[in-house]
2 protein chains.
Amino acid sequence: MKATISEVKKHVGAEVTIGIWLANKRSSGKIQFLELRDGTGFIQGVVLKNEVSEENWEKAKELTQESSLYVTGIVREDKRAPSGFELTVTSLDVIQIAHEYPITPKEHGVEFLMDHRHLWLRSSRQHAILRIRDEVIKATYDFFHDNGFIKVDPPILTGSSAEGTTDLFHTKYFDRDAYLSQSGQLYMEAAAMAFGKVFSFGPAFRAEKSKTRRHLIEFWMIEPEMAFCDHEESLKIQENYVAYLVQEVLKNCQSELKIISRDTTKLEKIKAPFPRISYDEAIDFLKKEGFEDIEWGDDFGSPHETAIAEHFEVPVFVTEYPTKVKAFYMKPDPNRDDVVLCADLLAPEGYGEIIGGSQRIDDLELMKKRYEAFHLTDPSYKWYLELRQYGSVPHSGFGLGLERAIAWICGLDHIRETIPFPRLLNRIYP
Amino acid sequence: MKATISEVKKHVGAEVTIGIWLANKRSSGKIQFLELRDGTGFIQGVVLKNEVSEENWEKAKELTQESSLYVTGIVREDKRAPSGFELTVTSLDVIQIAHEYPITPKEHGVEFLMDHRHLWLRSSRQHAILRIRDEVIKATYDFFHDNGFIKVDPPILTGSSAEGTTDLFHTKYFDRDAYLSQSGQLYMEAAAMAFGKVFSFGPAFRAEKSKTRRHLIEFWMIEPEMAFCDHEESLKIQENYVAYLVQEVLKNCQSELKIISRDTTKLEKIKAPFPRISYDEAIDFLKKEGFEDIEWGDDFGSPHETAIAEHFEVPVFVTEYPTKVKAFYMKPDPNRDDVVLCADLLAPEGYGEIIGGSQRIDDLELMKKRYEAFHLTDPSYKWYLELRQYGSVPHSGFGLGLERAIAWICGLDHIRETIPFPRLLNRIYP
Ligand SMILES: [Mg+2]
Ligand SMILES: [Mg+2]
């Protein structure tokens, strides 16, 4: 019977045939131990010289790392095995003997592994990280659909830059100029006025010449936007969403977390509500901590974010940043217009900002002033102003960077392992 | 109590407050009928002069189309109402009176509506179509996750063109050249070797100067890829997937299908398995139908696809196309190498191809020959060849065009209504 490794638990004692690759092998006299993988998991195949044909014994001996084959065997329960099961091999049908597979169990340099990313994905650690990524994706769809959001896809190609930044990829769109989206937020605001609660989930692009362990050139973002929703209600959705992601990974990815040696006691502490500190408090705190490079009105850099987040075991909201360091569309605090109704969510363990969000300006006159101040004279922005003209309502939204969230949940040193084919300053291959 | 229109069924007899827009209004002496929308649905609000304050009566009179307000009222069951419920208004709290909303119940030209797409989304027909889009997206994730696939995101920016076409958007990637992906398939093959069964779901870009009712410049694709899976098994997954999409829309979107006047009896016939005809048979058929512009070896155009599909009430697979009209990576039929193990799935009612799929070449030597024949000398293709070198296995995959599938399911004249912000030859605004 055809099966996958993930299905063997249903076939204990039965003979199954699995399409499979050899991940590793060791032998001890009259036994060969095949470490097998099929994409759904890993299992040990045991080949006993006395119990298989001479031909099958020899075939097993010829198998090299990443050779492909159909293996037939009896499923045995084995509590010592990581998967809990083992396969007593009865026969082998080799598809291809792989020669000199470049990624061996020895250590390789990062650039070498990245050059072989199309193969590196097969290794147990990369496999586990990207299975967790899939779980985070699934949990995201489930969370927003279960909470009455509908998915809206904002365009990737736009005729203007969303926030006046220069870090944009440019392309010719027939006879016009176009740019790759860094954020679909402005479009999501239009969608929220049509659908109430919406979320996007798609790629975003930042042509930033940074080479840090937190930056990708191409990354995926989740951008929810909610009509008739104020800053406070938005924060509640954010903390419930992030807590749900962690909870689902803990529930469904225990074996993957084990493979990557994640300290899950840290993840088990992630429960909503999350603590909050205001920007004002954060500035005071940083000064007390001895930071001399920061004044009220400055934006935080990574070291500041890390210092703040280190004092918490769960993500922390830093709220009400100065108006001048934040985007033109954020709504000023009604009690003082030098700060806006916004928050960044900083992950613990030094992973920095994973969410940025705010209530948006809903007042037409104020938004017109912002258009003047930010020189948003490009006609491609006309439609966004109109959202404040025809039935403007209080609304809020936020953006979560998928890869930064995964880097934190997995406890990774570098964001490049969180995405199947990372795009970095010096890398667009494979 | 705060509520949404979709929630009123839980609050019959109770007083609720809903953040809402005025879609339309009519009055008859001492009654004003407010057609209200909040993104989750539509409901009629009834304002009775004798039962509200003079102030509220006047406020209701001032409301213009798309004005925003909080409306408080008692939920009543009403079998005659499209939603089944009505709101007896007790008070109104106006947020903004909208002036001269550009989209009125009268007819507008398509270009005018497209220029106001950010507002047009609010109309009941566009709202319904994009809710069906959300349902198709949700059903896609559910189908693939329930069937053991994991989501893998191939890169959008690549250093090479995937199939040697010229219809690519170009950008500078720092000091290099890069292109926007038309398909992630080659990357999905690498992923299938690591994860077994994978699917992608993301935007794709075609810089094609076509202006037909079937083409978008920016569209979304679902690209599953399965290791240890032959052409036949792939066809089964395809028909089950498409039938599932239709079934879920029928199950969850009856009111939306009604708003867009979709003939649902046609959708109710969509059940797997789907009929198949070979390319050879299709050529004979077209000749009998009087087509003189097609010979064995030619690819089909829209008129040919329509003629074939019109003879079926469900989607039909056209299988085994000539090798020379299909992509370099398709596996030749083992019995005759002038055709490949592929199929296009043609939707009924003239909607044309919604899926293209094939078994892929797994033989290293044959793939090397294809590389020579197709001049794939660019080093950016090196990794793809290596997939046949290290544990090559039989594998198949396909791509479904999301918007084409939605156009068919919704029975639309033009694909531009299937996506929130369409990108067309002459349109990149809003
Ligand atoms: Mg920040
Ligand atoms: Mg075709």
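Just so we're on the same page: letters track the sequence lines, and every chain starts at 1. Side-chain atoms are counted along with the backbone in the values below, which use heavy atoms only and exclude waters and symmetry mates. The model shown is predicted, which means the values in this text are computed figures rather than measured ones.
Note: B:His118 leads B:Arg176, B:Glu66, B:His118 in heavy-atom pairs under 4.5 Å with chain A. Each of A:Asp175, A:Asp134, A:Ile97 has some count of heavy-atom pairs under 4.5 Å with chain B, and the biggest count is that of A:Asp134. Taking chain A as the reference chain and counting heavy-atom pairs below 4.5 Å, the highest number among B:Phe174, B:Phe205, B:Phe201, B:Tyr70 is found for B:Phe174. Chain B forms the most heavy-atom pairs under 4.5 Å with one residue out of A:Thr64, A:Ile150, A:Asp115, A:Asp142, and that residue is A:Ile150. For the set B:Glu189, B:Glu135, B:Arg131, the entry with the most heavy-atom pairs within less than 4.5 Å of chain A is B:Arg131. Chosen from B:Asp38, B:Val393, B:Leu157, the residue pairing most often with chain A at heavy-atom distances under 4.5 Å is B:Leu157. For the options B:Leu180, B:Val198, B:Val152, B:Ile419, heavy-atom pairs under 4.5 Å to chain A are most numerous at B:Leu180. Of the listed residues A:Thr40, A:Ile20, A:Val94, A:Ile18, the one with more heavy-atom pairs under 4.5 angstrom with chain B than any other is A:Ile20. Top candidate by heavy-atom pairs under 4.5 Å with chain B, chosen from A:Arg117, A:Glu7, A:Lys209, A:His116, is A:Lys209. Annotation: maximal heavy-atom pairing with chain B below 4.5 Å, among A:Lys197, A:Gln126, A:Arg37, occurs at A:Arg37.
Contact annotation for B:Trp120: neither backbone nor side-chain heavy atoms come within less than 4.5 Å of a heavy atom of chain A. For chain B, the nearby part of A:Leu69 is the backbone; its heavy atoms alone come within less than 4.5 Å. Heavy-atom distances place the backbone of A:Gln389, and not its side chain, under 4.5 Å from chain B. With a 4.5 Å cut-off on non-hydrogen atoms, A:Asp153 touches chain B through its backbone and its side chain both. Using a 4.5 Å cut-off between heavy atoms, A:Pro394 contacts chain B through its side chain alone, with no backbone atom that close. A:Tyr384 does not touch chain B: none of its heavy atoms, backbone or side chain, sits under 4.5 Å away. If you measure heavy-atom distances from A:Tyr101 to chain B, the contacts under 4.5 Å come from both the backbone and the side chain. Heavy atoms closer than 4.5 Å to chain B are found in the backbone of A:Lys172, but not in its side chain. Contacts between A:Phe421 and chain B at a heavy-atom distance below 4.5 Å involve backbone atoms as well as side-chain atoms. Interface remark: A:Glu100 contributes backbone atoms only to the contact with chain B (heavy atom separation under 4.5 Å). In this structure, the portion of B:Pro203 lying under 4.5 Å from any heavy atom of chain A is its side chain and not its backbone. Both the backbone and the side chain of A:Leu425 come within contact range of chain B, with heavy atoms under 4.5 Å apart. Only the backbone of A:Arg388 comes within less than 4.5 Å of a heavy atom of chain B; no side-chain atom from C-beta onward does. Heavy atoms of A:Asn426 lying under 4.5 Å from chain B belong to its backbone as well as its side chain. Heavy atoms of A:Ala192 lying under 4.5 Å from chain B belong exclusively to its backbone. With a threshold of 4.5 angstrom between heavy atoms, A:Lys382 approaches chain B through its backbone and through its side chain. Only the backbone of B:His99 comes within contact range of chain A, judged by heavy atoms closer than 4.5 Å.
Side-chain contact between A:Ile95 and B:Asp362: absent, with no pair of heavy atoms (C-beta onward) separated by less than 4.5 Å. Counting only heavy atoms from C-beta outward, the side chains of A:Met193 and B:Arg122 approach each other to under 4.5 Å. Looking only at side-chain heavy atoms (C-beta outward), A:Ile217 and B:Tyr173 come within less than 4.5 Å of each other.
Considering OH of B:Tyr179 and CD1 of A:Ile428, their distance stands at 9.5 Å, rounded to 0.5 Å. Atom NE2 in B:His145 sits 7.0 Å away from atom CD1 in A:Ile137 (nearest 0.5 Å). In this structure, NZ in A:Lys138 is found 12.0 Å from OH in B:Tyr141, a value given to the nearest 0.5 Å. Atom CG in A:Leu119 sits 6.5 Å away from atom CG in B:Leu387 (nearest 0.5 Å). Atom NZ in B:Lys151 sits 12.5 Å away from atom CG in A:Leu130 (nearest 0.5 Å).
The closest donor-acceptor contact from the side chain of A:Gln96 to the backbone of B:Gly391 lies under 3.5 Å. Side-chain N or O atoms of B:Arg423 include none that pairs as donor or acceptor with a backbone N or O of A:Pro155 at under 3.5 Å. Under a 3.5 Å cut-off, the side chain of B:Thr171 and the backbone N or O of A:His170 do form a donor-acceptor pair. B:Tyr187 places no side-chain N or O within donor-acceptor distance of the main-chain N or O of A:Pro420, the cut-off being under 3.5 Å.
Across every non-hydrogen atom of B:Ile156 and A:Glu218, the tightest pair is N-OE2, 2.6 Å. Between B:Ser392 and A:Ser68, the shortest heavy-atom contact is O-OG, 2.7 Å. What you find for A:Lys2 and B:Glu233 is that their closest heavy atoms are NZ-OE2, 2.8 Å.
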- Task: List the steps, then state whether side-chain contact (heavy atoms from CB on, under 4.5 Å) holds for A:Thr158 with B:Tyr429.
- Result: CA-CA 7 Å; A:Thr158 60; B:Tyr429 178 89; over 6 Å; no

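The only member of B:Tyr390, B:Phe228, B:Phe195 that meets ring-ring contact (aromatic ring centres under 6.0 Å, His included) when paired with A:Trp21 is B:Phe228.
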